[in-house]
Amino acid sequence: MAGGATKPMPDILQGTLDALGSLMPARFRADIPVVPVVRLSGIIGVGTPLRPGLMLSTVARSLDRAFATRHARAVALVINSPGGSPSQSHLIMRRVRQLAEEKKIPVLAFIEDVGASGGYMLACAADEIICDQYSIVGSIGVVGGTFGFPKLMEKLGIERRLYTSGDNKAMLDPFQPEKPEDVKRIKAIQKDIHNHFIALVKERRGAKLNGTDKVLFSGEFWTATTAIEFGLADSVGDLRSVLRQRYGDKVRTPLIAGKRSLFGREVPGISLGDALGKAGLADDLLSALEARALWSQYGL
């Protein structure tokens, strides 16, 4: 009799534990799936104090916190960027891959308006790329430009006085006539960067790619359907629907931002002033024009 009376006890104990567990905050419960979200939005690279761009120094803390989230099933990157600095794009992409491999956590990229050029490089950090049907994807190439003012200076009677040590230190100076040898040098640098970009895309997308190099890596960009046909993206969807479908209706998707100061502003990994230097109104205006030009390339 005594032995028979003790058999139901484990069920009672389990029921008690389940009841207590349901009272715990959702963020501490292992039975509720979590997919932390990191937004990567804007121009990539150094901007100005009023218009900071995406840099590793400004997103590193967010990425670290996302991959350290308890019970994370995956990490979602929400990407909306027309590109910018290739080096900063690559640094952020590499950091995501390092954390994903260290933590053994899959990464999903959700492209919003644009994931182009450096923005597409960020998406390549993911194991899967998901787009809206109207997303702009691709632009796998390298672009650079400047202005030339020598004729205007001549008309205004302005003399350029430039002192350098090194034959090529003033290469592509906008206040001097353009030299064919300078253009040849900058194009060689661009080609080298482009080749590295192509190799990265092939490494990350692998057998999914479906198209010739001449088409895929021409710098052209496409909407989601064509990008998926070319293997540059995987599917059409949105963050909420996709994550609920895969992890259930109770999935938590906390937005992970960097640490904030007393006044609510994000604190980057290094001083923003140190990262960007001092800039005046003219610099900020130029930054705004450059950003507007990048977005307008994609009709936005």
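These values consider heavy atoms only, across backbone and side chains, with no hydrogens, waters or symmetry-generated copies.
The side-chain heavy atoms of R252 and P36, taken from C-beta on, include no pair separated by under 4.5 Å.
For N80 (side chain) and S41 (main-chain N/O), no donor-acceptor pair under 3.5 Å exists by modelled atom type. Proximity of a side-chain donor or acceptor of T58 to a complementary backbone N or O of L54 within less than 3.5 Å is not detected.
Of the N and O atoms on the side chains of S135 and D132, not one donor lies less than 3.5 Å from an acceptor on the other residue. No donor-acceptor contact under 3.5 angstrom links the side chains of T223 and T225, judged on distance only.
Between V34 and P254, the shortest heavy-atom distance links the atoms CG1-CD, 3.9 Å.
For the atom pair F217 CZ and H194 NE2, the distance stands at 7.5 Å (nearest 0.5 Å). For the atom pair I140 CD1 and D213 CG, the distance stands at 10.0 Å (nearest 0.5 Å). The line from CD1 of I130 to CG of D234 is 7.5 Å long, rounded to the nearest 0.5 Å.
Surrounding CD of Q245 are at most 12 heavy atoms belonging to other residues, nucleotides or ligands under 6.0 Å away. Heavy atoms of other residues, nucleotides or ligands lying less than 6.0 angstrom from NZ of K187 number 12 at most. Within a 6.0 Å radius of CZ in R244, other residues, nucleotides and ligands contribute more than 12 heavy atoms.
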